[in-house]
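Heads up: the structure comes next, in structure tokens.
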Amino acid sequence: MPSGEYDPDAAEPYWQRRWVDEETYAYPDEPVDPNTAFAIDTPPPTVSGSLHWGHVYGSILQDVVARFHRMHDGEVFYPFGYDDNGIASERLAERELDVRHQDFERREFQRMCREVCEAYEAEFTEKMQGVGLSIDWNNTYRTISPEVQRVSQLSFIDLYEQGREYREEAPAIWCPECETAISQVETEDDEQDSHFHDIEFTVAETEEPFIISTTRPELLPACVAVFVHPDDESNEDLVGNHAEIPLFGHQVPILADERVDMDTGSGIVMCCTFGDQNDIEWYQIHDLDLRVAIDESAHMTAVADEYEGLHAGEAREAIVADLDDADALADRRAISHAVNVHERCGTSVEFLVTEQWYVEVLDKREEYLQAGREMEWFPEKMFTRYKHWVEGLQWDWLISRQRSSGIPFPVWYCADCDREILAEKEALPVDPLSDDPPVDACPDCGSEEFVPENDVFDTWATSSLTPLINAGWDWDAAAEEFTMERPEIYPMDVRPQGHDIISFWLFHTVIKCYEHTGEVPFDSTMINGMVLDENREKMSKSKGNVVEPDAVMEKYPVDAARYWAAGSAIGDDLPYQEKGLRAGEKLIRKLWNASKLVESLAPDPYPEAPDSDELQAIDRWLLAELDHEIERVTARLENREFSKARDGLRSFFWGTFCDDYLEIAKAREDDAAAYTLRTAHRRFLKLFAPLLAHVTEELWHEMYAEGADGDAADSVHLADWPTPLGLEADRAGGAAAIAVVGALRRYKSEHQLPLNADLDAVEVYADVRGFEADITGVMHVSDLTVHPDAEPPVETVVSGIDLDYATVGPKYGNEVGTIEGALAEGAYEIDGDDLHVADVTLSGEEFTVEKERRYQGEGAFLEADDVVVIVRNEP
RNA sequence: GGGUUGGUAGUCUAGUCCGGUUAUGACACCUCCUUGACAUGGAGGAGGCCGGCAGUUCAAAUCUGCCCCAACCCA
């Protein structure tokens, strides 16, 4: 039985350890009913550092969902993954060991990555267990593991066989620091200081000079055309001629195109291989030359003549200086502008023509939009993000990366005819660098020489397969079909994630799983907002406002953090506020203390359910109100309305159960009260369990686990979610009785009396029959008289008229103002059911007469809701 | 630059889709109260031009337009 004060420092780690040791949340190995199995697909966090408070926040919301459905529905599949196969993890290893991947042999570097990641993964595990997440720790995966490599390569081969992947030499976004192609989603804008250079070009045909403006003079050798806007009258005579490039001397055509921004600089712009995405479009549309001046590591090529070998940055300075010497630099001014950088390393990206693998997506935009529509979105409005992303797609998905660590493409090429040779599905995973291709000779040309593909998959190509990884998707060679080890969890019930990754992670997962299985992988998606600091500002290392999970956990119970996290409306950002955690602490304490009182008022052995007619009116009232609350909380949790579920349950428990019923029950000593207390309290523990996972478990074991059926004997989290009892109850009478008690409390408070002070005589004008003993008991009333039907002995004075605007408004329109004016001045007359005012007559249903009650008799006159109470008390 | 979402007492928040006249609750603040768990509790009080401007309407926190601020997504 609970005693003393609750000690979360001891209880929380105890239960966390026990949940893990006893595998409380293990998903069964044996077949599970697909109708009750509930599966969550958590996006595996990237192993690139420590977990931050945002991870904790999102995880708690997932866990509330998991715990609720475990109690409400049945078995819950709640796995955990570590995403450790991407550039982020490689860069972590480089940072941690102070090395560069280029300096190591591929296998050796991969081994180093694994070692660094292992330490961080152990820390992830510890932290996640430390917030009491009900993850099944038997179901964890690493995105670099052989099993996942197999799934990932199977996915590649399946899409290839479906004709949805192609290899092409084309302009691609390139990070010169990481020396790999990257996709559009991996870039971000960075506002950087730069210079605008006005450079003098010459028209070859006329030797007439003109000015172009550029931030990238080092691309002069890469210039392949000059553009003016078709509407640009001042420059239109240039079109059709050629321009001679200063310093480099080559000539390029001058063309017209609408993409030119006439307002920037001179309105004449140079097009290079490639400065930006515009250049790529011009290259494609106008069939321009390729003049590659910058190589994979951002050094100048032979095209740059004497600048060959210089880093692009050095070349820029050198070229600017030489332009100046040649009197070709008209102006140079400092500006600040947005530069496209690689989000992982902050390096400005280049556009290089390289051979890469792509997944075709543009042709199925409408289908993928429909796939998104088929999911239920919490909140609904987040679907718009998905929609705009899909509608705005401009590139197929580039999935090859020129990195050391990652999952290799299961592909070889014929050395003679370049035919693509894919691995056999049953042989996966393979590494073409060390494994042989599945054929001895090229089926096309018979050559026996093969070149292995050196590239690895984009990390998202793998992390977009988590539903399939979790479901145990595989290729059955004998049956020649894809199979699933746990078909009952696919499609998965919910996919939680932050709103920042809807566009790439969620989108890619939806489309890949959809292509493999023909089904949308999620029934619903739940989008959480971002965690902000206490001033509602985004947390960032540079601002120094980052909240460290460890610091919070040291100061507050985990349940308090869980309470705080559940205070958000789904999709909204949530500021970190200590008072939110303090409120959580208060609720934990209240729950603990109330439990102690329940224990002492209704000690062991707990009475069996009495016949319904033995329950007193107040008992039936409480249990009926609780039924109502159960329905509300259940609906709110189903709709992921965490904040409403939390606040509603909290105020019902605190106000109705503790302040109202518990106080009344103190005066009772019968079995009906004991049964009611126990029944309600046991139900409260269950209702709070998804939220306050630890304290409810502690109390459950103190009070109920021993006598519980089945799994509930092990954990409240394995108990069944409560359903309404459906008792008949006088809910109006109970509400009136509570109003009477409230009025009497207020009376005592106003008269500075202690709440347990005796009251001599109380008269109640409301139907509180059946609740008399409860009122006298809790309020210490010596003589209570109830007048269920009689009018109170008061004079009523008309104090005003309330209009029913819903009918009066539309009916009288502009006259409403006049009517209101007359009413305010008292210029009206009540005539039976009618009201004469301002030349109109309102009928009975169009207004209500407001009456003030005046009591002239002895004692104090109290009003609450529709209840009138008269107190006569000798001091 | 474009799009999305949000802006409600000192702070956080409900209500906004579907307009109806004392705008919800919590924290903090003020006053009072030791009551069979909890004073880390209980009863009460004060605190708001619902981001700004304009419009629609008898009536706007709610609908429309423009503007300002913030976050996110995309250029």
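All values below come from the heavy atoms of this structure, side chains included, with hydrogens, waters and symmetry mates left out. Naming convention: chains lettered A, B, ... in sequence-line order (proteins, then strands); numbering from 1 in each chain.
A:Glu585 comes within 4.0 angstrom of nothing in the nucleic acid, heavy atoms only. Across all strands shown, A:Asp659 has heavy atoms under 4.0 Å from sugar-phosphate atoms exclusively, and none from any base. Contact annotation for A:Pro2: no contact, since no heavy-atom pair falls under 4.0 Å across all strands. Note on A:Gly392: nothing from the nucleic acid sits closer than 4.0 angstrom, heavy atoms only. Heavy atoms of A:Trp389 sit under 4.0 angstrom from primed sugar atoms or phosphate atoms, though from no base atom. A:Ala757 comes within 4.0 angstrom of no nucleic acid atom, judged by non-hydrogen atoms across all strands. Here A:Lys590 lies in heavy-atom contact (under 4.0 Å) with a base.
Straight-line distance between the C1' atoms of B:rC17 and B:rU62: roughly 10 Å, to the nearest whole Å. For B:rC27 and B:rU13, the P atoms lie 16 Å apart once the distance is rounded to whole Å. Distance check on atom C1': B:rC68 versus B:rU56 gives 23 Å, rounded to whole Å. Taking atom P on both nucleotides, B:rA60 is separated from B:rG10 by 24 Å, rounded to a whole Å. Taking atom C1' in both B:rU64 and B:rU16, one finds a spacing of 14 Å when rounded to whole Å. B:rU8 and B:rG3 have their C1' atoms separated by 25 Å, given to the nearest Å. Comparing the P positions of B:rC69 and B:rG52 gives a spacing of 15 Å, expressed to the nearest Å. Taking atom P on both B:rU5 and B:rG41, the two are 40 Å apart, rounded to the nearest angstrom.
Going from atom CG of A:Asp533 over to atom C1' of B:rU11 covers 13 Å, rounded to whole Å. The distance from atom CG of A:Asp573 to atom C1' of B:rU5 is 9 Å, rounded to the nearest whole Å. In this entry the distance linking CD1 of A:Ile527 with C1' of B:rA71 reads 16 Å, nearest Å. In this structure, the OH atom of A:Tyr386 is 18 Å from the P atom of B:rC73, given to the nearest Å. Summarising the geometry, the separation between CE on A:Met530 and P on B:rC73 is reported as 8 Å, rounded to the nearest angstrom. Remark: P of B:rU5 and NZ of A:Lys387 are 11 Å apart, rounded to the nearest angstrom. Rounded to whole Å, atom P of B:rG41 lies 15 Å from atom CZ of A:Arg745. When the C1' atom of B:rC17 is taken as reference, atom NZ of A:Lys381 falls 12 Å away, rounded to whole Å.
Between A:Lys644 and B:rG15, a side-chain N or O to OP1/OP2 separation shorter than 4.0 Å is present. Using a 4.0 Å cut-off, no side-chain N or O of A:Arg385 falls inside it from OP1 or OP2 of B:rU4. Remark: A:Asn756 is in phosphate contact with B:rU35, judged by side-chain N or O atoms under 4.0 Å from OP1 or OP2.
Comparing B:rC73, B:rA37, B:rC12 against the side chain of A:Gln577 picks out B:rC12 as the nearest. Closest approach to the A:Trp654 side chain among B:rG41, B:rC72, B:rC38 is made by B:rG41 (side chain taken as heavy atoms from C-beta onward). Considering only side-chain atoms of A:Tyr805, the nucleotide from B:rC38, B:rC33, B:rU21 that sits closest is B:rU21. Nearest nucleotide to the A:Ala569 side chain, out of B:rA37, B:rC12, B:rA14: B:rA14. In the set B:rC33, B:rC72, B:rC32, B:rC32 carries the atom at the smallest distance from any side-chain atom of A:Ser749. In this structure, the nucleotide among B:rA43, B:rU4, B:rU21 sitting nearest to the side chain of A:Thr384 is B:rU4.
Pair assignment for B:rG41: B:rC33, on the basis of Watson-Crick or G-U wobble contacts that are both within less than 3.5 Å. Under the Watson-Crick or G-U wobble criterion, with both distances below 3.5 Å, B:rA28 has no partner in any strand shown. Base-pair partner of B:rC72: B:rG3 (Watson-Crick or G-U wobble, both distances under 3.5 Å). Pair check for B:rU21 finds none; no Watson-Crick or G-U wobble contact set falls under 3.5 Å. Nucleotide B:rG48: unpaired (no Watson-Crick or G-U wobble partner with both distances less than 3.5 Å).
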Are there any protein N/O atoms within less than 3.5 Å of an N/O atom in nucleotides 24-30 of chain B, and if so, which ones and at what distance?
from   : atom 1 : to       : atom 2 : distance (Å)
B:rC27 : OP1    : A:Lys586 : NZ     : 3.2

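Inter-residue side-chain proximity for A:Glu376 and A:Phe378 is flagged as met; some heavy-atom pair is nearer than 4.5 Å. With a 4.5 Å cut-off on side-chain heavy atoms, A:Leu687 and A:Leu626 count as touching. Taking 4.5 Å as the limit, every side-chain heavy atom of A:Glu846 sits out of range of all side-chain heavy atoms of A:Tyr805.
A side-chain donor-acceptor contact under 3.5 Å links A:Trp282 and A:Asp257. Neither side chain, A:Asn756 nor A:His780, offers a donor N or O lying under 3.5 Å from an acceptor on the other. When only modelled atom types and interatomic distance are considered, A:Glu845 and A:Thr807 share no side-chain donor-acceptor pair under 3.5 Å.
Residue-to-nucleotide proximity on RNA chain B shows that, of A:His499 and A:Thr807, the 5′-proximal contact is made by A:Thr807. In this structure, A:Gly809 and A:Ala594 both approach RNA chain B, and ranking their closest nucleotides by distance from the 5' end singles out A:Ala594.
Taking every heavy atom of both residues into account, A:Tyr747 and A:His751 meet most closely at O-ND1, 2.7 Å. Across all their heavy atoms, A:Thr818 and A:Asn814 have their closest contact at OG1-O, 4.3 Å.
For A:Arg582 and A:Tyr556, the positive end is not near the middle of the six-membered ring at less than 6.0 Å and at most 45° from its axis.
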side-chain contact (heavy atoms from CB on, under 4.5 Å), that's the test. Do A:Val341 and A:Thr347 meet it? Break it down for me.
CA-CA 5 Å; A:Val341 300; A:Thr347 310; 6.0 Å; no
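A:Phe274 and A:Tyr283 have their aromatic ring centers within a separation under 6.0 angstrom.
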